[in-house]
Amino acid sequence: MLAPLPVTDTQVIRVVKAMRRDRRAQWGPGVLGVAGVVAFLVAWQLYAEFGPVSDEFLPYPAQVIGQFFANFALTSFWAAIGATLWAWLLGLVISSVAGLVVGVLIGSSRFLRRATFTVLEFLRPIPSVALIPIAALAFGPQLEAELLIIVYGCFFVVLIQTLYGVADVDKIAYETTRTMGMTWLQRARHLVFPTLLPYFMTGVRLSATIALILGISAELIIGTDGLGQSVAQAQLNGAPVAMYALIITAGVLGIVINLAARTAERRVLFWHESIRAEVPA
């Protein structure tokens, strides 16, 4: 038998350093996140105490956080969250399905890609908030007005991602499926859809946060039911503590939605190399 190779002190040190780096990589982001929140609260406290803005308009963080948790006992608070989430869900589903279907249809046809290029490039840069006056005139403070803003803003995100996904289909593999006599549905199921799915899921994940932003913005300006309307009412009633507490609620809701979207993306794309690379060996 061969004698084992001697282990030098340098190799031991390298192994120990690698273990420490792995340990820091596991708990580092969480600690840094908590530290960032604490630093923000301290800066807020100092600015409210010594800054040029009166505490009448910028309350202390302890007051806002207390009101934030006190809202949990209010039925109106949960009703506002429910209205916002319902509009968010409907808008996200409609825009995602429409973006997927239209993207596959356009991406599968060279004629349609050329025919719609100018129109898409004209409509895509128009900000959704620019449609708020149109939505208000057309529907008033109704759910339809909020949906118009959300769907318009998220549709193009999903559509462009889907177009990129269809364009990424391997040409040789596509011609091979045609040579094998596979139908259009078979090619779509076994080749096109698996290729565009990562692009589509990225579009949905991005749209999830955009839909929340647009929905609350529409509620603020148009006055549809939801968190945005509650923020506007608190501002009009001269209740800054309640207003800031609701704004923090919107931020927390955005974090939860983003985490949920990322989790769903990882579960759907567990087989994809981009997700498998995130799993530590």
Side-chain angles (χ1 to χ4, degrees), residues 68-69 71-72 74-103 123-124 126-162 197-235 242-269:
F68 171 78
F69 287 106
N71 286 339
F72 290 179
L74 302 178
T75 304
S76 58
F77 172 76
W78 293 109
I81 290 182
T84 296
L85 289 179
W86 177 240
W88 166 81
L89 180 61
L90 283 179
L92 183 62
V93 170
I94 294 172
S95 58
S96 298
V97 173
L100 176 63
V101 173
V102 176
L123 294 175
R124 187 163 60 96
I126 298 177
S128 298
V129 291
L131 300 181
I132 288 181
I134 299 176
L137 288 174
F139 301 105
Q142 301 296 326
L143 176 62
E144 290 80 359
E146 190 172 350
L147 288 178
L148 174 63
I149 305 303
I150 295 175
V151 171
Y152 184 87
C154 298
F155 169 76
F156 289 101
V157 176
V158 179
L159 173 63
I160 298 303
Q161 286 294 119
T162 302
L197 186 59
Y199 293 88
F200 172 72
M201 291 303 300
T202 299
V204 173
R205 175 170 56 83
L206 296 175
S207 297
T209 304
I210 295 174
L212 179 66
I213 296 172
L214 294 176
I216 292 178
S217 299
E219 293 165 0
L220 271 167
I221 300 175
I222 301 176
T224 54
D225 293 335
L227 275 176
Q229 184 192 56
S230 299
V231 171
Q233 289 177 346
Q235 186 265 332
M243 182 184 70
Y244 281 99
L246 292 170
I247 292 174
I248 290 179
T249 302
V252 172
L253 198 59
I255 293 175
V256 172
I257 287 176
N258 185 55
L259 291 175
R262 287 183 176 275
T263 301
E265 184 181 30
R266 292 191 183 98
R267 289 184 178 275
V268 173
L269 300 177

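Every value quoted in this text rests on a predicted model; they were computed, and no experiment measured them. In what follows, every heavy atom counts, from backbone to side chain, and hydrogens, waters and symmetry copies are set aside.
Between Ala135 and Ile222, the closest heavy-atom pair is CB-CD1, 4.2 Å. Residue Pro198 comes nearest to Leu269 through the heavy atom pair CA-CD1, 3.7 Å, listed as atom of the first residue, atom of the second, then distance. The shortest non-hydrogen separation linking Asn71 to Ala245 is ND2-CB, 3.9 Å. Here the closest heavy-atom approach between residue Gly153 and residue Leu214 is recorded as CA-CD1, 3.8 Å. Closest approach of Gly140 to Ala145, counting heavy atoms only: O-CB, 3.4 Å.
No side-chain heavy atom of Ile247 sits less than 4.5 Å from a side-chain heavy atom of Leu227. At least one side-chain heavy atom of Phe77 sits under 4.5 Å from a side-chain heavy atom of Thr249. Within the 4.5 Å cutoff, no side-chain heavy atoms of Ile150 are placed close to those of Leu212. The side-chain heavy atoms of Phe155 and Val102, taken from C-beta on, include a pair separated by under 4.5 Å. Using a 4.5 Å cut-off on side-chain heavy atoms (C-beta onward), Trp78 and Phe72 make contact. Side-chain atoms of Val158 and Val97, non-hydrogen and from C-beta on, never get closer than 4.5 Å to each other.
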> Stepwise, does the side-chain contact (heavy atoms from CB on, under 4.5 Å) test hold for Leu143 with Leu90?
Replying inline: CA-CA 10 Å; Leu143 176 62; Leu90 283 179; 4.0 Å; yes
>> side-chain contact (heavy atoms from CB on, under 4.5 Å) for Val231 and Gln235? Distances and angles first, verdict last.
In response: CA-CA 6 Å; Val231 171; Gln235 186 265 332; 5.6 Å; no
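No side-chain donor-acceptor contact under 3.5 Å links Gln229 to the backbone of Leu220. Of the possible polar contacts, one joining the Ser95 side chain to the Leu92 backbone as a donor-acceptor pair under 3.5 Å is found. The closest donor-acceptor contact from the side chain of Thr162 to the backbone of Phe200 lies at 3.5 Å or more, if one exists at all. Listed for the Trp88 side chain is no donor-acceptor partner under 3.5 Å among the backbone atoms of Gly215.
The CG atom of Leu246 sits 9.5 Å away from the CD atom of Gln233 when rounded to the nearest 0.5 Å. Distance check: Gln161 CD to Arg205 CZ gives 9.0 Å after rounding to the nearest 0.5 Å. Going from atom CG of Leu159 over to atom SG of Cys154 covers 12.5 Å, rounded to the nearest 0.5 Å. One distance of note links CD of Glu146 with CD1 of Ile216; it measures 9.0 Å at 0.5 Å rounding. Atom CD1 of Ile149 sits about 5.0 Å away from atom CG of Leu131, to the nearest 0.5 Å. Distance check, rounded to the nearest 0.5 Å: CZ of Phe139 to CG of Leu147 gives 9.0 Å.
Checked by atom type, the side-chain pair Thr84/Glu219 shows a donor-acceptor distance below 3.5 Å.
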